[in-house]
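Take a look at the structure below.
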There are 2 protein chains.
Amino acid sequence: MRVKRPTIHDVARASGVSRGTVSRALNGDPYVSAAALAAVRRAVAETGYVVNRAARSLVTQRTGSVVMVLSEPQEKLFEDPNFSVLLRTATRRLAERDVSLVMMTAGDRGDRERVMRYIRGGHADGILLISAHSGDPLVEELQGAGLPAVACGSILGRENLIPYAAADDREGARQMARYLVEQGRKRITTITGPMDTPGGLYRLEGFCDVLGRRATKKVIEHGDYTRQGGERAMHALLDRVPDLDAVFVGSDLMAAGALAVLRERGRSVPVDVAVGGFDDSPVASSTHPQLTTVRQPLERVAEETIRLLLELIDGAGPVEPVTFPTSLVIRESA
Amino acid sequence: MRVKRPTIHDVARASGVSRGTVSRALNGDPYVSAAALAAVRRAVAETGYVVNRAARSLVTQRTGSVVMVLSEPQEKLFEDPNFSVLLRTATRRLAERDVSLVMMTAGDRGDRERVMRYIRGGHADGILLISAHSGDPLVEELQGAGLPAVACGSILGRENLIPYAAADDREGARQMARYLVEQGRKRITTITGPMDTPGGLYRLEGFCDVLGRRATKKVIEHGDYTRQGGERAMHALLDRVPDLDAVFVGSDLMAAGALAVLRERGRSVPVDVAVGGFDDSPVASSTHPQLTTVRQPLERVAEETIRLLLELIDGAGPVEPVTFPTSLVIRESA
DNA sequence: AACCGATCTGTGAACGTGCACAGTAGCGGA
DNA sequence: TCCGCTACTGTGCACGTTCACAGATCGGTT
């Protein structure tokens with residue numbers, strides 16, 4: 001027993017003008033008299049009219065929706081502070097333009113096929129790619145669909161295929177490494193993210209840029225962005241380099257784990273060991289001691305990601321990837 | 001320069017039957033000959049045809065999409081393990097039926113208006129309500145729209161308005177409280193969630209059911225489901241009841257914070273103080289000592305939420321709320 | 001007086017589907 | 001032979017919108 005919705009005809013009748021004029025008034029066509037515009041506005045308010053997207057879609061060949069493709073196993077995704085910010089920004093900015101956000105997962109093969117069917121079916125105007133891995137077959141497939149696509153954070157090895165907005169991971173890592181050196185730390189180690197993610201690779205590269213020959217394999221340990229991963233890696237580093245006096249950790253969450261292990265094993269932070277994080281996520285200011293870290297302008301990255309996508313959809317031709325500078329946030333741990 | 005997509009006409013031509021037969025074949029109408037069905041299948045594969053949802057929508061008055069309304073400030077949402085599971089389950093199960101999931105936030109007034117416009121515009125077949133508060137005006141407004149709606153977790157004070165699937169918070173809390181009593185604990189305290197959430201209220205009620213007169217105001221402290229909130233509350237409890245020997249914490253994340261504070265203030269867990277959590281979220285097995293907690297069958301809750309919604313959409317008439325039993329998971333902290 | 005451009009308005013067609021309806025063919029029974 | 005029934009197929013219309021086009025009105029210019 002669904003109520004019948006008012007159509008553009010009802011609005012036309014109520015406002016005493018024709019369908020065409022109502023449509024023009026609603027879509028901001030300049031050739032509408034002030035009187036007609038007012039009448040239409042009143043009639044819309046009166047009838048509670050809302051445009052029928054399906055009908056519009058049918059003729060404009062646009063859907064008014066964008067699909068966010070999550071290609072990471074989701075447990076990890078939700079540990080990622082990036083994602084939370086992005087989701088909020090995306091829903092806001094897209095909603096402002098009356099574009100709706102459709103979520104799809106692309107974990108296994110079946111998922112991917114569904115995504116491709118959806119895309120090929122023309123059900124979306126654009127694609128928002130989240131944390132795709134370098135080897136992800138989805139990237140190529142999406143490329144083939146010819147739909148506007150952007151990524152939030154670069155996709156390792158596909159930087160030229162899909163435009164993106166990202167923080168400058170490499171320079172951010174350099175900032176932290178330089179700071180640790182300036183503080184007189186001599187045995188600086190690092191815990192990285194997974195090496196098939198830009199955050200893993202580029203932050204390590206930045207670290208090596210500054211440490212040079214001191215960045216031996218011995219002082220590098222790989223983590224997986226989780227708190228437990230940070231704990232594991234910290235244990236391994238302490239076993240291998242018992243006299244380390246600094247550790248640059250590739251994410252705040254892992255750094256929180258590292259802090260716990262350091263305390264557990266009797267190191268005092270920052271006196272014995274300096275700890276640097278990355279992200280400036282909420283967890284950074286809730287640890288003891290509070291984390292010195294590298295701030296990523298996540299809001300701006302997210303904003304820019306959406307802006308790029310909308311620009312592509314509007315047909316502005318090819319767009320350039322954008323990276324944003326990071327900044328050092330000095331608290332207590334280093 | 002978008003490519004022209006094949007329509008049902010193209011498929012009809014390629015398979016040598018009429019539009020109508022193709023439509024029937026695609027929608028599983030039984031009155032289609034085996035030969036026609038095969039021909040249509042082949043033609044679909046050949047042409048790469050995918051149904052145009054807008055056109056279908058226009059005639060069926062169905063949109064094939066469901067909107068997930070996030071009414072909580074999102075920072076909190078992402079601390080909630082519930083949400084992650086729900087999102088994964090929702091995308092999977094809905095995708096199986098070719099229903100797409102649209103995300104909308106409903107934080108402020110503007111957001112809410114947008115949501116209502118979207119709903120009223122008939123852009124969705126159903127609503128999935130996430131962590132709405134008891135005072136949320138959205139609930140009433142949604143109700144007025146007459147669209148199928150379900151909530152994941154009950155909405156305090158509106159249990160009869162909107163059907164839901166949830167874990168049995170009250171009985172879960174009883175299980176934990178009974179266990180602590182059985183272990184011979186004498187000064188049992190509790191840290192609750194916010195009292196305007198079912199998890200906050202019902203878990204406290206369950207606690208009081210078992211503790212009876214011993215559940216005085218003095219042993220109850222309210223938290224906000226965050227780790228820091230748990231720390232704050234634990235400090236407050238220790239100040240007020242220095243000789244407490246057990247604390248039942250309304251979420252694992254808060255319990256993790258409580259554990260840290262207990263260690264910091266020289267209490268040994270579980271010898272001096274037993275700690276019980278709630279959720280059995282991933283964090284529960286990564287604390288030291290590992291958390292004894294109450295397991296919620298989140299997967300089943302999520303599955304059931306989606307099932308209820310689909311049932312409502314299919315017009316199965318009114319549906320009953322469902323609650324699932326919880327179970328005690330005994331680890332090290334109690 | 002005739003014409004022109006600018007501004008505004010109304011109308012028919014098209015978008016791609018599902019559904020109701022009107023067929024057609026084949027077959028068994030009266 | 002005719003009828004009715006079942007199994008299947010084809011066709012016109014409607015869904016609600018936008019867009020192109022064809023007017024209409026009006027002030028100003030030739």
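All heavy atoms count here, side chains included; hydrogens, waters and symmetry mates do not. Proteins come first, then strands; the chains are lettered A, B, ... in the order of their sequence lines, and each starts at number 1.
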### Task
Determine, for A/Arg158 against A/Glu140, whether the closest basic-nitrogen to carboxylate-oxygen distance falls under 4.0 angstrom.
yes
### Task
Work out which heavy atom in A/Leu308 is nearest to a heavy atom in A/Glu320; give both atom names and the distance.
CD2-O, 3.9 Å
#### Entry: Distance in angstrom units between A/Tyr31 OH and D/dA20 C1', rounded
15 Å
### Task
List in chain and number order the residues that pass side-chain hydrogen bond (donor to acceptor under 3.5 Å, both in side chains) with B/Glu159, two or more places apart in sequence or in another chain; answer none if no residue qualifies.
B/Tyr202
### Query
Expressed in angstrom and rounded to an integer, what is the separation of B/Leu37 atom CG from D/dA7 atom C1'?
14 Å
### Task
Send over the distance from B/Arg53 CZ to D/dT17 P, rounded to a whole Å.
20 Å
### Whole angstrom value for the distance that separates C1' of D/dT17 from NE2 of B/His123
12 Å
### Query
Would you call B/Glu304 and B/Arg300 a salt bridge, taking side-chain N to carboxylate O under 4.0 Å as the test?
no
### Message
Using modelled atom types and a 3.5 Å cut-off, is there a donor and acceptor pairing between side-chain atoms of B/Arg5 and backbone atoms of A/Arg120?
### Response
yes
### Query
How would nucleotides 13-25 of chain C be written as a contact map, 5' to 3', with B for base contact, S for sugar-phosphate-only contact and - for no contact, using protein heavy atoms under 4.0 Å?
B-BBBB-------
### Query
Salt bridge or not for B/Arg117 and A/Asp98, using N-O below 4.0 Å?
yes
### Query
Quick one: is A/Thr21 getting a side-chain N or O under 4.0 Å of the C/dG10 phosphate, OP1 or OP2?
yes
